[in-house]
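What follows is one structure encoded as structure tokens, with my remarks underneath.
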Amino acid sequence: QVQLVESGGGLVQPGGSLRLSCAASGSGFSIASMAWYRQAPGKQRDLVAVIGNGGITNYADSVKGRFTISRDNAKNTVYLQMNNLKPEDTAVYFCNARAMTYPIPRANDYWGQGTQVTVSS
């Protein structure tokens with residue numbers, strides 16, 4: 001019912017910037033919150049940033065002051081602006097959406113395919 005399509009990943013030098021986007025599509029759902037996670041090789045998938053329906057945001061300590069999450073509710077799209085990127089930010093970034101699906105109301109989490117972000121000189 002819900003499909004997430006991510007874009008914007010790539011290679012960037014330390015100190016550079018990237019902007020990730022994720023668009024949700026489908027029918028019979030409404031999105032409650034959207035988030036970005038990341039996973040480096042051999043490590044767990046960690047929350048990077050989340051934004052709720054009320055616009056309240058939360059960030060991992062490691063990205064505070066550098067990353068900004070935003071959303072366009074009309075387009076069911078979430079963005080992640082990443083500035084002052086560091087090699088430690090290298091990971092696969094995943095889009096997440098918590099959505100209510102119908103006709104039987106159920107809350108479920110949906111995931112994008114992931115997009116690679118590599119920070120290296």
Side-chain angles (χ1 to χ4, degrees):
Q1 285 186 297
V2 181
Q3 182 180 7
L4 304 178
V5 180
E6 299 156 306
S7 63
L11 274 69
V12 65
Q13 294 182 344
S17 298
L18 285 174
R19 186 177 181 86
L20 307 182
S21 64
C22 173
S25 63
S27 62
F29 73 94
S30 62
I31 294 177
S33 64
M34 301 188 79
W36 289 96
Y37 290 73
R38 67 185 181 186
Q39 186 170 21
K43 296 186 177 181
Q44 67 182 43
R45 186 175 298 185
D46 294 325
L47 176 68
V48 177
V50 61
I51 184 167
N53 269 346
I56 298 176
T57 59
N58 215 339
Y59 297 89
D61 289 340
S62 59
V63 306
K64 286 182 178 178
R66 300 188 297 120
F67 291 11
T68 301
I69 188 171
S70 61
R71 64 188 291 183
D72 184 336
N73 291 332
K75 297 182 178 181
N76 284 329
T77 300
V78 64
Y79 306 91
L80 185 68
Q81 178 67 47
M82 304 184 292
N83 297 327
N84 192 24
L85 283 161
K86 304 176 180 180
E88 306 91 89
D89 297 318
T90 297
V92 177
Y93 284 70
F94 296 91
C95 176
N96 166 268
R98 179 161 293 179
M100 185 73 71
T101 58
Y102 302 94
I104 304 299
R106 299 290 184 185
N108 296 107
D109 284 320
Y110 298 88
W111 296 90
Q113 78 284 358
T115 183
Q116 177 71 47
V117 172
T118 302
V119 185
S120 179
S121 60

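All values reported here derive from a predicted model rather than from experimental measurement.
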Original post:
Given the rule that I, L, V, M, F, W and Y join up when any side-chain heavy atoms are under 4.5 Å apart, are Met82 and Val63 in one cluster?
Top reply: yes

Original post:
When rounded to the nearest 0.5 angstrom, what distance separates OH in Tyr37 from CZ in Arg45?
Top reply: 9.5 Å

**OP:** Look up atom CD1 in Ile31 and atom CD1 in Ile51, then write down how far apart they are to the nearest 0.5 Å.
**Re:** 12.0 Å

**OP:** Determine, for Tyr79 and Arg71, whether the Lys NZ or Arg CZ falls below 6.0 Å from the six-membered ring centre while staying within 45 degrees of the axis.
**Re:** no

Original post:
Would one find more than 12 heavy atoms of other residues, nucleotides or ligands at under 6.0 Å from atom CG of Asp46?
Top reply: yes

Subject >> Thr77 side chain to Lys75 backbone, donor-acceptor under 3.5 Å >> reply: yes

Original post:
Between Tyr93 and Arg38, do the side chains contain an N or O donor and an N or O acceptor separated by less than 3.5 Å?
Top reply: yes

Review item, side-chain donor-acceptor pairs of residues 110-121, under 3.5 Å, at least two apart:
| unit_1 | atom_1 | unit_2 | atom_2 | d |
| --- | --- | --- | --- | --- |
| Gln113 | NE2 | Glu6 | O | 3.4 |
| Thr115 | OG1 | Gly9 | N | 3.3 |
| Gln116 | NE2 | Ala91 | O | 3.4 |
| Gln116 | NE2 | Thr118 | OG1 | 3.3 |

Only distances under 3.5 Å count here; give the side-chain donor-acceptor pairs of residues 12-30 to other protein atoms, sequence neighbours excluded, each with its distance to 0.1 Å.
| unit_1 | atom_1 | unit_2 | atom_2 | d |
| --- | --- | --- | --- | --- |
| Ser17 | OG | Asn83 | OD1 | 2.9 |
| Arg19 | NH1 | Gln81 | OE1 | 3.1 |
| Ser21 | OG | Ser7 | OG | 2.8 |

**OP:** Would you kindly confirm whether Met34 and Val2 end up in one hydrophobic cluster when ILVMFWY residues are joined by side chain heavy atoms under 4.5 Å apart?
**Re:** yes

Subject >> Test: Asp61 and Lys64 ion pair at under 4.0 Å >> reply: yes

Original post:
Of the options Asn96, Ile69, Leu80, which is the one that meets Val48 in a side chain to side chain contact (heavy atoms under 4.5 Å, CB included)?
Top reply: Leu80

